[in-house]
Amino acid sequence: MEVKPKHHYFFMSTINERQDEIIEEFEGLDDWMDRYSVIIDMGNAMPALDEQYKTADNLIDGCQSRVWLQADCIDGKMRLQADSDAIIVKGIISMLVRVLDGATPQEVLDADLYFIERIGLRDHLSPTRSNGLLAMIKQLRAYAIAFQARDHGGC
């Protein structure tokens with residue numbers, strides 16, 4: 001049996017492997033204050049988005065908070081960076097970036113983002129944050145579609 005190192009620096013994990021890691025990080029946390037704390041920590045651990053990308057073009061429509069998403073396509077893989085002015089929202093977008101960064105546009109389009117349900121996130125978001133989460137996912141998929149259209153299936 002092959003043993004893979006846990007750190008992403010050593011291997012390119014799949015979308016589902018990254019989702020499973022997030023689910024693992026929430027296991028045993030029954031109190032939602034603890035879960036929110038983990039989400040906030042994830043957001044704080046995400047590298048800051050360079051100010052040049054905090055533009056109106058990168059703002060996600062449908063989010064009550066300001067959320068910027070910078071997507072590039074390099075060597076066939078989507079490279080994602082994001083930020084938000086709200087700490088919980090920054091944690092949420094950081095999980096989406098963690099799961100989808102480095103995937104091909106087709107992998108992003110095909111992804112079943114099951115971690116959202118499995119960690120109970122959808123059930124514990126206010127209606128406005130839930131709409132914001134859907135807007136983030138919609139924007140990520142829109143970038144994937146645009147990259148595919150621009151480069152005929154790859155980027």
Side-chain angles (χ1 to χ4, degrees), residues 1-50 53-54 58-74 76-145 147:
M1 180 173 107
E2 181 184 341
V3 176
K4 294 181 182 177
K6 182 125 174 118
H7 301 288
H8 298 295
Y9 312 111
F10 301 110
F11 73 99
M12 187 62 197
S13 57
T14 67
I15 288 173
N16 286 351
E17 287 170 337
R18 292 188 297 260
Q19 290 190 87
D20 292 342
E21 284 179 8
I22 289 173
I23 292 165
E24 252 180 64
E25 290 169 28
F26 282 87
E27 282 180 0
L29 299 176
D30 297 326
D31 179 11
W32 262 91
M33 293 312 291
D34 292 339
R35 286 178 180 242
Y36 283 129
S37 181
V38 169
I39 292 169
I40 291 166
D41 289 346
M42 288 177 173
N44 288 335
M46 185 170 60
L49 183 64
D50 192 301
Y53 297 125
K54 289 186 178 182
N58 283 346
L59 276 173
I60 296 178
D61 290 330
C63 290
Q64 187 175 14
S65 312
R66 293 191 306 168
V67 180
W68 297 272
L69 178 64
Q70 171 66 28
D72 297 292
C73 210
I74 302 167
K77 307 282 186 185
M78 289 181 62
R79 299 310 320 216
L80 306 170
Q81 303 172 67
D83 205 347
S84 176
D85 60 1
I87 57 173
I88 297 280
V89 177
K90 185 174 180 175
I92 293 168
I93 191 70
S94 76
M95 287 188 283
L96 290 169
V97 165
R98 178 175 163 188
V99 167
L100 297 173
D101 183 44
T104 67
Q106 189 62 53
E107 289 168 339
V108 169
L109 292 172
D110 292 342
D112 170 18
L113 299 175
Y114 59 84
F115 81 95
I116 296 166
E117 298 292 335
R118 296 271 298 276
I119 66 173
L121 187 59
R122 196 180 306 271
D123 296 335
H124 287 86
L125 292 178
S126 66
T128 54
R129 281 215 179 109
S130 190
N131 288 340
L133 172 61
L134 294 175
M136 291 178 221
I137 294 168
K138 182 179 175 185
Q139 185 60 53
L140 285 159
R141 290 191 169 138
Y143 277 126
I145 290 167
F147 289 138

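None of the values given here were measured: they were computed from a predicted structure. Note that the numbering runs from 1 along the sequence shown for the chain.
For the pair Leu140 and Leu96, the tightest heavy-atom approach, listed with the atom from each and the gap, is CD1-CB, 4.0 Å.
Within the 3.5 Å criterion, the main-chain N or O of Gln81 finds no donor-acceptor partner in the side chain of Gln70. Between the side chain of Asn58 and the backbone N or O of Trp68, no donor-acceptor pair lies under 3.5 Å. With hydrogens and angles disregarded, no donor-acceptor distance shorter than 3.5 Å links the side chain of Tyr143 to the backbone of Leu80. Using a distance-only test at 3.5 Å, with no hydrogens or angles considered, no donor-acceptor pair links the side chain of Gln139 to the main chain of Met136. One N or O on the side chain of Arg35 and one on the backbone of Leu29 form a donor-acceptor pair closer than 3.5 Å.
Partners of Tyr36 under the side-chain hydrogen bond (donor to acceptor under 3.5 Å, both in side chains) rule, at least two apart in sequence or in another chain, do not exist in this structure. Listed by chain and number, the residues in a side chain to side chain contact (heavy atoms under 4.5 Å, CB included) with Asp31 are Met33, Asp34 (sequence neighbours excluded).
No side-chain heavy atom of Arg79 sits under 4.5 Å from any side-chain heavy atom of Cys73. In this structure, Met78 and Asp101 have side chains that are not in contact, with every pair of non-hydrogen atoms separated by 4.5 Å or more.
Inspection of the Tyr114 and Asp20 side chains reveals an N or O donor paired with an N or O acceptor under 3.5 Å.
No option in Val99, Asp112, Asp110 other than Val99 meets the side chain to side chain contact (heavy atoms under 4.5 Å, CB included) test with Ile15.
At a threshold of 4.0 Å, the pair Glu25-Arg98 counts as salt-bridged, since one of the basic side-chain nitrogens sits closer than that to a carboxylate oxygen.
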